[in-house]
There are 2 protein chains.
Amino acid sequence: MDDVQQLTHTVFAANGRLISAGNQLVADIGLTSALWQVLAALEYSNETLPAASIARNMGLTRQGVQRVLDLLAEQSMIEFKENPHHRRAKLVGLTPKGKKAVAAAEKAVDSLNKQIIKKIGARRLREASATLKEMSALISENLQRKENP
Amino acid sequence: MDDVQQLTHTVFAANGRLISAGNQLVADIGLTSALWQVLAALEYSNETLPAASIARNMGLTRQGVQRVLDLLAEQSMIEFKENPHHRRAKLVGLTPKGKKAVAAAEKAVDSLNKQIIKKIGARRLREASATLKEMSALISENLQRKENP
DNA sequence: CTCCATTGGACAACATGTTGTCAATTTGAC
DNA sequence: GTCAAATTGACAACATGTTGTCCAATGGAG
């Protein structure tokens with residue numbers, strides 16, 4: 001198995017582990033990894049956005065993100081607001097409940113995050129991140145991407 | 001966003017890119033990323049295994065892998081053989097057609113793989129892989145895992 | 001202004017994988 | 001040998017995300 005296949009395998013495994021860990025850590029808050037990711041993207045962007053923009057930021061399809069947004073709206077974690085620039089594309093904003101959920105989620109992972117930074121080191125984490133991004137970019141250059149991702 | 005969150009985000013993005021790229025590269029062969037992964041796991045193990053063992057090797061659940069195996073069996077890429085040690089747990093083996101498909105898939109990614117190794121370097125790829133494995137291990141130590149993964 | 005290409009949302013079908021549950025089988029402790 | 005625990009497969013429900021398609025709304029070229 002060459003080094004690319006090896007890293008690919010490791011990425012698949014890490015992806016599964018991260019999703020599974022996220023689900024466990026935020027279950028008490030009534031979240032899942034998918035919901036948390038979208039909430040965090042909203043918190044991070046610090047402004048209201050239409051669903052399609054959120055999807056672009058996250059590298060997912062509009063449709064997938066819309067499904068999660070509808071779930072979050074059912075739980076009153078987010079709300080849709082009228083968009084003065086576009087009648088159909090409603091703006092998505094965090095509600096106070098949503099902001100509390102994001103804060104609680106960050107608190108829930110804090111200890112584990114610190115442990116990882118301490119044992120592996122910020123530098124190696126950033127190097128791994130840079131390598132993965134370069135690999136993703138090389139793949140993107142070599143293959144056509146669809147509408148969104 | 002701390003370094004762990006940053007790397008997590010990068011892993012999610014890389015995972016999506018790899019799956020999408022795999023799907024494109026092996027579409028002509030009649031495969032998908034999921035089917036290819038299972039076929040490759042079989043080729044790599046170099047022996048016939050029950051479905052549950054394959055799942056363990058891949059870090060997935062039996063049920064998910066079984067679904068893929070049934071699809072592969074429909075396409076005659078694999079076959080189930082009697083297991084002398086266990087009446088229910090049939091052994092899964094690659095058929096000649098399955099072996100051809102794996103070989104064709106490897107050929108399809110070969111050029112891209114070489115390009116990635118050339119531009120990023122084997123050393124950095126291995127370092128990223130090692131870092132991801134360490135992070136996965138730290139997460140595993142801190143959280144209960146279910147039956148299989 | 002008109003036309004059309006782009007963007008955005010909604011709906012449906014599907015792919016991938018997990019979780020829950022049950023029965024069959026094997027295995028190990030006694 | 002017997003019985004409990006662990007393993008395996010099968011089936012169902014669900015979570016997550018993609019793809020395909022259609023329509024609405026916007027915006028830019030002419």
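Proteins come first, then strands; the chains are lettered A, B, ... in the order of their sequence lines, and each starts at number 1.
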Could you say whether L91(B) or L71(A) is positioned toward the 5' end of DNA chain D, judged by the nucleotide with the nearest heavy atom to each?
L91(B)
Nucleotide dG28(D), atom P - distance to NE2 of H85(A) in whole Å
13 Å
Measuring from the side chain of R88(A) (C-beta onward, heavy atoms only), which nucleotide among dT21(D), dC23(D), dA23(C) has the closest atom?
dC23(D)
Taking dG17(C), dT18(D), dA25(D) as options, the one with an atom nearest any side-chain atom of H86(A) is dA25(D)
With the side chain counted from C-beta on, respond yes when L35(A) and T32(A) share a heavy-atom pair under 4.5 Å apart, and no when they do not.
yes
Side-chain contact check for Q63(A): nearest option of dG20(D), dA10(D), dT16(C) is dG20(D)
Given dT26(C), dG9(D), dG8(C), the nucleotide with the shortest approach to the side chain of A52(B):
dG9(D)
Taking only side-chain N and O atoms of R87(B), does any of them lie within less than 4.0 angstrom of OP1 or OP2 on dT8(D)?
no
Between dT7(D) (P) and I54(B) (CD1): distance, integer Å
17 Å
Determine whether S129(A) and T10(B) satisfy the following criterion, side chain to side chain donor-acceptor pair (under 3.5 Å), listing intermediate values before the conclusion.
CA-CA 6 Å; S129(A) 201; T10(B) 311; 2.8 Å; yes
For L60(A) and dT19(D), what is the distance between atoms CG and C1' respectively, to the nearest whole Å?
14 Å
When the distance from CD of Q66(B) to C1' of dC11(D) is rounded to whole Å, what number comes out?
11 Å
Is there a side-chain contact between V4(B) and I117(A), using heavy atoms and a 4.5 Å cut-off?
yes
Closest of dG17(D), dT18(D), dG17(C) to the V68(B) side chain is dG17(C)
Are T61(B) and dG17(C) close enough that a side-chain N or O sits under 4.0 Å from OP1 or OP2?
no
Rounded to whole angstroms, how far apart are CE on M58(B) and C1' on dG17(C)?
11 Å
Would you give the length of the straight line joining atom CH2 of W36(A) to atom CD1 of I19(A), rounded to the nearest 0.5 angstrom?
11.5 Å
Grab the CD-P distance between Q37(A) and dA15(D) for me, whole Å please.
17 Å
Just to confirm, is there a sub-4.0 Å distance from OP1 or OP2 of dG8(C) to any side-chain nitrogen or oxygen of R56(A)?
yes
Among dT26(D), dG9(D), dG8(C), which nucleotide sits nearest the side chain of A51(B)?
dG9(D)
Is R124(B) paired with E134(A) through a side-chain N to carboxylate O contact shorter than 4.0 Å?
yes
Separation of dA15(D) C1' from L31(A) CG (nearest whole Å)
14 Å
Against the side chain of T32(B), the closest entry in dG17(D), dG8(C), dT16(C) is dT16(C)
How many Å lie between CG on D70(B) and P on dT8(D), as a whole number?
17 Å
Check: dA10(D) base within 3.5 Å donor-acceptor of R67(B) side chain:
no
